[in-house]
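Below is one structure, written out as C-alpha cells; comments come after it.
Read the numbers this way: they start at 1 and go in the same order the structure lists the ligands and their atoms.
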Amino acid sequence: MRYKKLRAGFEVSRIGMGCYALSGVYGPSDPDSFVSVLRKAYEMGVTFFDTADQYGAAEKVLGQAVANVRDRVVISTKVGLAKGYGRDCSRRHVIAACERSLKNLATDWIDIYHIHFDDPTTPVEETVTALEELKTAGKIRAYGLGHLPRARVEEYMRYGHPSTLMCELSAAAKRQYLQYRDLGISHGIDLIGFSVTARGLLTGRIGQGHTFGETDIRNIDSLFYRERMTAALSVKDVLAQVGAQHGMTSVQVAIAWALRQPGVAAVLTGPRNPEHLLENLGACSSELPDAVWADVERALAEIDYALERSVLQTIADLAVGELDVEPERAFRDLVYLIEGAVDFNLISETDALTAFARLMAQKAGAQEERVQIMRELHKTLSELVKHAWDTKSKETCSRSKEDSVLSG
Ligand SMILES: NC(=O)c1ccc[n+]([C@@H]2O[C@H](COP(=O)([O-])OP(=O)(O)OC[C@H]3O[C@@H](n4cnc5c(N)ncnc54)[C@H](OP(=O)(O)O)[C@@H]3O)[C@@H](O)[C@H]2O)c1
C-alpha cells in the first residue's frame with residue numbers, strides 16, 4: 001500500500017474503502033461480512049474509510065469494525081441529505097447530524113466531514129460557520145465537499161477552508177473530476193476519486209444484458225445504459241488488454257489509472273468480499289511504463305470523443321421525441337435525460353434536483369398516475385433543454401459574427 005499526507009495534515013492510504021454498499025444500493029448487504037472485509041482491508045494497509053449518514057447502518061458498522069484501531073485510521077463521513085431527496089446544510093442540521101454521526105461511529109472525532117450534496121437554499125457562509133465551529137470544538141479535524149457544482153465549490157473556498165473534494169473518477173466516467181482537476185492541482189485541495197471500478201463495470205464481470213437484483217441502483221444508473229454502457233465496456237477492453245500484457249486485471253489497471261490522475265490524493269473503492277478487495281488493492285503493487293499510459297490515454301480519448309457526440313444526440317432525441325410507452329424504459333430515459341442535460345449545462349442543478357425528486361416520488365404510485373407524472377416531467381425537461389439550446393445557438397451565432405467582424 002502507498003500513503004499520502006493530505007493538505008489537512010494527516011496521512012491516508014492511497015486506496016481507501018467505502019461503505020456505500022451497506023445502504024443496499026448494490027443489492028442486499030450483510031453487515032457481518034462487511035465488517036470482516038473492512039478489518040481485512042485494515043490488515044492489508046488501508047487506513048482510509050469513507051461512509052455517510054445516509055448509507056443505512058454503515059456508520060455503525062464502520063465504527064464497530066475499526067473500534068480497536070480508531071486512532072490509526074482516517075474516517076470520512078457526510079452530511080447534507082435530508083428525507084425524500086431533500087438537502088439540508090443549515091447550521092442546525094449540520095451540528096445535530098455531526099452529533100448523531102459521532103454517536104453512530106462510536107468516536108469522539110471525525111477526521112474529514114464532507115458536505116454530501118449542495119443545498120441551494122442555505123447560504124454557504126452559514127454552512128461554513130457550522131463546520132468551522134465543529135473544527136474548533138475538536139469534533140471534526142477537516143471538512144470537504146462532494147457532488148457540488150463548480151461555482152458552489154468556489155463559494156466554499158471563498159468563505160472557508162475545504163481541504164478535500166470528492167468526485168466520481170474512473171476511466172469510464174471523468175466528467176466530475178475534470179470539473180475540479182485544476183483545484184486539485186493548484187488550489188490547495190486534495191481530490192478523492194470514488195467509484196474507480198465504475199461500480200463494477202471495469203472489472204470485466206458485467207457485460208451487456210447483465211441483470212442486477214431488483215433493488216440494485218445500477219438498474220437505473222446512466223453509466224449502465226445506452227451508449228454510456230457500450231463506451232464503458234470498450235474502456236474495460238482497453239484496460240484488460242493492457243493488463244494482460246503486464247500481469248494485471250482490468251480493474252487493477254483502472255484503479256492505477258485513477259491514482260495517477262493529477263491532483264488525486266486518494267481513491268475509494270467498495271469491494272464486497274475479500275477476493276475483490278485483494279484484487280483492487282493489487283493496483284498499488286505494479287507500475288506501468290509512461291509509454292503504456294500514453295497509449296491508454298490515446299485510446300480513452302478516442303472513446304470519449306465518440307461518446308460525447310453520441311450522448312448529446314441522444315439527449316436531443318429524448319428531449320424532442322415522444323416518451324417511451326413502456327414505463328420502466330420511460331423512467332430510465334428520464335434519468336438519462338436529467339443527468340445528461342445537467343452534465344452538458346442544459347439545465348441547472350436545482351432543476352435537475354427538482355425533476356429527480358419528482359421522478360423518484362412517483363415510483364410507488366399506480367401505473368396510470370406514474371405515466372401521467374412522467375409525461376408532465378418530460379414536457380418540462382424538453383422545454384428547459386430546448387430553451388437552453390436556443391440560447392446557446394444564439395450566443396454561438398453572435399460570437400461567430402463578432403469573430404468575423406474582428407477578423408475582417
Ligand atoms: N457511488 C457514489 O455515488 C459515491 C459517492 C460518494 C462517495 N462514494 C464513496 O466511494 C466509495 C466507493 O464507491 P463505489 O462503492 O461506487 O466504488 P466501486 O468500487 O466502483 O463500486 C463498488 C461495486 O463494484 C463492484 N466491485 C468492486 N470491486 C470489484 C471487483 N474487484 N470485482 C468485481 N466487482 C467489484 C461491486 O459490485 P457487486 O456489489 O455487484 O459485487 C461493488 O459493490 C463508496 O463506498 C462511498 O464510500 C460513493
**Lys/Arg N to Asp/Glu carboxylate O, E308 vs R175, below 4.0 Å** = yes

**Request:** Evaluate the salt bridge (charged side-chain N to carboxylate O under 4.0 Å, His left out) criterion for residues K174 and D304: first the C-alpha distance (whole Å), next the side-chain angles of each, then the deciding distance (0.1 Å), finally the verdict.
**Result:** CA-CA 9 Å; K174 318 183 181 87; D304 280 350; 2.4 Å; yes

**Request:** Return the residue, atom name and 0.1 Å-rounded distance of the protein heavy atom closest to atom 22 (C) of ligand 1.
**Result:** G270 O, 3.6 Å

**Item:** 4.0 Å heavy-atom contact, F212 with ligand 1
**Value:** no

**N/O separation below 3.5 Å, D50 to ligand 1** = yes

**Message:** For the 3.5 Å polar cut-off, considering only N or O atoms, please tell me whether T269 and ligand 1 meet it.
**Reply:** yes

**Asked** So, the side chain of S170 versus the backbone of A173: is there a donor-acceptor pair under 3.5 Å, distance only?
**Response** yes

**Asked** Would R199 and D221 count as a salt bridge (charged side-chain N to carboxylate O under 4.0 Å, His left out) if you check the C-alpha gap in whole Å, the side-chain angles of each, and the deciding distance to 0.1 Å?
**Response** CA-CA 10 Å; R199 300 181 273 288; D221 188 332; 2.5 Å; yes

**Prompt:** Between D324 and R332, does at least one N-O distance fall below 4.0 Å, as a salt bridge requires?
**Reply:** no

**Asked** At under 4.0 Å between heavy atoms, which part of T203 makes contact with ligand 1: side chain, backbone, both or neither?
**Response** side chain

**Message:** Are F212 and F224 an aromatic pair, judged by ring center distance below 6.0 Å?
**Reply:** yes

**Request:** Could you tell me which atoms of ligand 1, counted from 1 in the order shown, lie closer than 4.0 angstrom to a heavy atom of N280?
**Result:** 27 (C), 28 (N), 29 (C), 30 (C), 31 (N)

**Prompt:** Just which atoms of ligand 1 are under 4.0 Å from any heavy atom in G18?
**Reply:** 11 (C), 44 (C), 45 (O), 47 (O)

**Request:** Record the part of E168 in heavy-atom contact with ligand 1 below 4.0 Å; permitted values are side chain, backbone, both and neither.
**Result:** neither

**Request:** Identify whether NZ of Lys or CZ of Arg in R141 sits under 6.0 Å from the centre of the six-membered ring of F10 and within 45° of that ring's axis.
**Result:** yes

**Request:** Kindly say whether C98 contributes a backbone atom to a donor-acceptor pair with the side chain of Y113 at under 3.5 angstrom?
**Result:** yes

**Check: C19 N/O within less than 3.5 Å of ligand 1 N/O** = yes

**Request:** Please write down residue, atom name and distance for the protein heavy atom closest to atom 3 (O) of ligand 1.
**Result:** F194 CE1, 3.6 Å

**Asked** Is it the side chain, the backbone, both or neither of A52 that has a heavy atom closer than 4.0 Å to ligand 1?
**Response** neither

**Asked** Is it true that the NZ or CZ of R298 lies under 6.0 Å from the centre of W293's six-membered ring and within 45 degrees of the ring axis?
**Response** no

**Prompt:** Strictly under 4.0 Å, does any heavy atom of M17 approach an atom of ligand 1?
**Reply:** no

**Asked** Which residue supplies the protein heavy atom nearest to atom 38 (P) of ligand 1, what is that atom called, and how far is it?
**Response** R218 NH2, 3.6 Å

**Request:** Ignoring hydrogens and angles, tell me if any N or O in the side chain of T47 forms a donor-acceptor pair with the backbone of V73 under 3.5 Å.
**Result:** no

**Asked** Are K78 and D50 close enough for a salt bridge, meaning some N to O gap below 4.0 Å?
**Response** yes

**Request:** Kindly confirm or rule out an N or O of G200 lying under 3.5 angstrom from an N or O of ligand 1.
**Result:** yes

**Message:** Under a 4.0 angstrom heavy-atom cut-off, which atoms of ligand 1 come close to R205?
**Reply:** 30 (C), 31 (N), 32 (N), 33 (C)

**Complete:** Logged contact type for R199 with ligand 1, heavy-atom cut-off 4.0 Å, is both

**Item:** Atom indices of ligand 1, in the order listed, that fall short of 4.0 Å to a heavy atom of A198
**Value:** 20 (O)

**Request:** May I ask you to decide if Y3's main-chain N or O and E11's side chain share a donor-acceptor pair within less than 3.5 Å?
**Result:** no

**Asked** Relative to ligand 1, is H116 under 4.0 angstrom through side chain, backbone, both or neither, heavy atoms considered?
**Response** neither

**Prompt:** So S90 and E126, side chain to side chain donor-acceptor pair (under 3.5 Å) or not? Walk me through it.
**Reply:** CA-CA 7 Å; S90 64; E126 178 180 331; 4.6 Å; no

**Request:** Can you pull out the closest protein heavy atom to atom 18 (P) of ligand 1? Residue, atom name and distance to 0.1 Å, please.
**Result:** T197 OG1, 3.3 Å

**Item:** Polar atom proximity, L268 to ligand 1 (N or O, under 3.5 Å)
**Value:** no

**Request:** Run the salt-bridge test on K139 and E133 with the 4.0 Å N-O cut-off and return the result as yes or no.
**Result:** no

**Message:** If we set the cut-off at 4.0 Å for heavy atoms, which region of V25 has an atom near ligand 1: side chain, backbone, both, or neither?
**Reply:** neither

**Fill in**
Partner of S222 under side-chain contact (heavy atoms from CB on, under 4.5 Å), picked from V311, L337, V335, is V335

**Fill in**
Under 4.0 Å from one or more heavy atoms of V196, ligand 1 contributes atoms 20 (O)

**Top protein contact for atom 13 (O) of ligand 1, by heavy-atom distance** = S195 N, 3.3 Å

**Message:** Among all protein heavy atoms in this structure, tell me which lies nearest to atom 44 (C) of ligand 1, with the distance rounded to 0.1 Å.
**Reply:** Y20 CB, 3.4 Å

**Request:** Classify the contact between E279 and ligand 1 as side chain, backbone, both or neither, using a heavy-atom distance cut-off of under 4.0 Å.
**Result:** side chain

**Asked** Among protein heavy atoms, which sits nearest to atom 39 (O) of ligand 1, and what does the distance come to when rounded to 0.1 Å?
**Response** R272 NE, 2.8 Å

**Request:** Would you verify whether the NZ or CZ of R72 falls within 45 degrees of the ring axis of Y42 while also being under 6.0 Å from that six-membered ring's centre?
**Result:** no

**Prompt:** Which of the atoms in ligand 1, numbered in the order shown and given with their element, are less than 4.0 Å from a heavy-atom of H147?
**Reply:** 5 (C), 6 (C)

**Asked** Which residue supplies the protein heavy atom nearest to atom 43 (O) of ligand 1, what is that atom called, and how far is it?
**Response** Y26 CD1, 3.2 Å

